[in-house]
Amino acid sequence: MLQPFISQAFNGTVWRLQIDEVTETLGIEIRNEADKQTSFATLNLSTGKVNFTNFALPERWLTGVEAVYNGIILLHYYKHESGPEHKAIIAIDSTTAAEVWSNYSLAFDHISINGPVVYNTSFQPNKLMLADVLTGQTIRPYDAVVDKPLENNIVVPVMMPATEMVPGMLPDEPYGNMVHYLNHNSYIIVSLHTLKNGLLQQHLYITEGSNVVYHDLLNHDIQKLQPEAFVLHKNALVYIKNKAEIKVLKI
């Protein structure tokens, strides 16, 4: 039977995940609505090491994670509590949580194959620049031909009707007739919802042939169907349990 090699609970809702393709580091944004506290954590999908948890910036709430790249986790502030616009970049070492650099004039746009693409929020229209992730220095103007978007190894499941699957393949009767499905190596991974005794639940199943080799109850007594429950990065299956716990299996 399969077993998680990472299982880490947090004091809040796992809000956003970002994966560093260079170091295989998972960056996690956790938001605790009751305490109005945003915190961050990182763990390594290859070694299973939890690098740090409960890291927070001086701004408790209006902050979030942009990306993780080349061992650096890039964080941001929000311009306004009621709007999505970001400001500033704070670069943190993804292993130690030590601040590497910060720039309150820049904002993050995206990660390219050559590093982060940023812009100065004081100028309109935005002029994109390529930056050095280790120093924060802008190197040159962004070139869409040379600085192509960085591809990743993240695979998300497909949503498909349960009626299109081989009869008898699913370990449980799915509510709503929809499942999230992924086939990897010798395994079939599915997430589905059930309705039992009037309670809506979300389950994760991993099967090999006709055998269920892993099962976890992801959410119970929920009010509506939940979004996709898991992602695959190379051979690491990453999923969120009860909205506040990260689990990782090697498959």
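What's counted below: heavy atoms across the whole structure, side chains too, no hydrogens, waters or symmetry copies. Bear in mind that the values here come from a model prediction, so they are computed numbers and not experimental data.
- Within 6.0 Å of NE2 on His215 lie more than 12 heavy atoms contributed by other residues, nucleotides or ligands.
- Legend: salt bridge (charged side-chain N to carboxylate O under 4.0 Å, His left out) pairs involving residues 31-53, not counting sequence neighbours, sorted by first then second residue: Glu29-Arg31, Glu33-Lys36.
- Thr121 contributes a side-chain N or O that, together with a main-chain N or O of Ser105, makes up a donor-acceptor pair within less than 3.5 Å.
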Test side chain to side chain contact (heavy atoms under 4.5 Å, CB included) on Leu182 and Phe230 and set out the steps. CA-CA 10 Å; Leu182 187 63; Phe230 61 89; 3.9 Å; yes
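- A single hydrophobic cluster is not seen to contain both Val179 and Ile189; linkage of ILVMFWY side chains at heavy-atom distances under 4.5 Å, directly or through other members, places them apart.
- Under the 4.5 Å side-chain heavy-atom criterion for grouping Ile, Leu, Val, Met, Phe, Trp and Tyr, Leu57 is connected to Val65 within one hydrophobic cluster.
- Asp109 meets the side chain to side chain contact (heavy atoms under 4.5 Å, CB included) test with Val117, Tyr119, Leu128; sequence neighbours excluded.
- Placement of Ile73 and Phe108 in two distinct hydrophobic clusters is found when ILVMFWY residues are connected by side-chain heavy-atom separations under 4.5 Å, directly or transitively.
- Atom CG of residue Leu204 and atom CG of residue Leu218 lie 5.0 Å apart, to the nearest 0.5 angstrom.
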Carefully, step by step, assess Asn44 and Thr95 under the rule side chain to side chain contact (heavy atoms under 4.5 Å, CB included). CA-CA 9 Å; Asn44 190 286; Thr95 301; over 6 Å; no
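- Thr25 and Asp20 are not linked by any side-chain donor-acceptor pair at a separation below 3.5 angstrom, with hydrogens and angles left out of the test.
- Applying the salt bridge (charged side-chain N to carboxylate O under 4.0 Å, His left out) test to residues at least two apart or on different chains, the pairs with a partner in residues 232-246 are Glu24-Lys234, Asp216-Lys241.
- Taking CG of Asn51 as the reference point, atom CG of Leu43 lies at 7.0 Å (rounded to 0.5 Å).
- Considering all non-hydrogen atoms of both residues, Ser186 and Glu208 come closest at OG-OE2, 2.7 Å.
- We find the OG1-CG distance between Thr194 and Leu200 to be 7.0 Å, quoted to the nearest 0.5 Å.
- The line from NE2 of His220 to CG of Asn242 is 5.0 Å long, rounded to the nearest 0.5 Å.
- Between Gln8 and Val50, the closest heavy-atom pair is OE1-CG2, 3.6 Å.
- With hydrogens and angles left out, the side-chain atoms of Asn120 and Ser122 include a donor and acceptor closer than 3.5 Å.
- The structure places OG1 of Thr38 at 9.5 Å from CH2 of Trp15, a figure rounded to the nearest 0.5 Å.
- Taking the side chain as every heavy atom from C-beta outward, Thr42 and Ile28 never approach each other to under 4.5 Å.
- Between Phe55 and Phe52, the two ring planes are perpendicular [angle over 60°; tilted spans 30° to 60°].
- Between Asp172 and Pro174, the closest heavy-atom pair is O-CD, 3.3 Å.
- When hydrophobic clusters are built by joining Ile, Leu, Val, Met, Phe, Trp and Tyr residues whose side-chain heavy atoms come closer than 4.5 Å, directly or via intermediates, Tyr181 is not grouped with Tyr187.
- The shortest side-chain heavy-atom distance between Tyr142 and His110 falls under the 4.5 Å cut-off.
- In this structure, the separation between OH on Tyr239 and OG on Ser191 is 11.0 Å, given to the nearest 0.5 Å.
- With a 6.0 Å radius and a threshold of 12 heavy atoms from other residues, nucleotides or ligands, Gln124 has its CD atom above the threshold.
- Residue pairs meeting the side-chain hydrogen bond (donor to acceptor under 3.5 Å, both in side chains) criterion with at least one partner in residues 56-67, sequence neighbours excluded, are Gln37-Arg60, Glu66-His86.
- Screening Leu249, Ile188, Val212 for a side-chain contact (heavy atoms from CB on, under 4.5 Å) with Ile206, the sole residue that qualifies is Leu249.
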Go through Leu2 and Leu237 one step at a time and tell me if the side chain to side chain contact (heavy atoms under 4.5 Å, CB included) criterion holds. CA-CA 11 Å; Leu2 295 174; Leu237 181 73; over 6 Å; no
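- Pairs passing the salt bridge (charged side-chain N to carboxylate O under 4.0 Å, His left out) check and including a residue from residues 136-150, sequence neighbours excluded, read Arg140-Asp147.
- Counted within 6.0 Å of CH2 on Trp101, heavy atoms from surrounding residues, nucleotides or ligands total more than 12; the atom is thus considered enclosed.
- Leu17 and Phe5 fall within the same hydrophobic cluster, defined by Ile, Leu, Val, Met, Phe, Trp and Tyr side-chain heavy atoms under 4.5 Å apart, directly or through other members.
- At least one donor-acceptor pair under 3.5 Å links the side chain of Asn103 to the backbone N or O of Leu106.
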Criterion side chain to side chain donor-acceptor pair (under 3.5 Å) on Asn235 and His184, from CA distance to verdict: CA-CA 8 Å; Asn235 291 318; His184 180 71; 2.8 Å; yes
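- Every pair passing side-chain hydrogen bond (donor to acceptor under 3.5 Å, both in side chains) that includes a residue from residues 223-233 is listed here, sequence neighbours excluded: Glu21-His233.
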Step by step, work out the side chain to side chain contact (heavy atoms under 4.5 Å, CB included) result for Tyr69 and Leu74. CA-CA 8 Å; Tyr69 176 74; Leu74 300 175; 5.6 Å; no
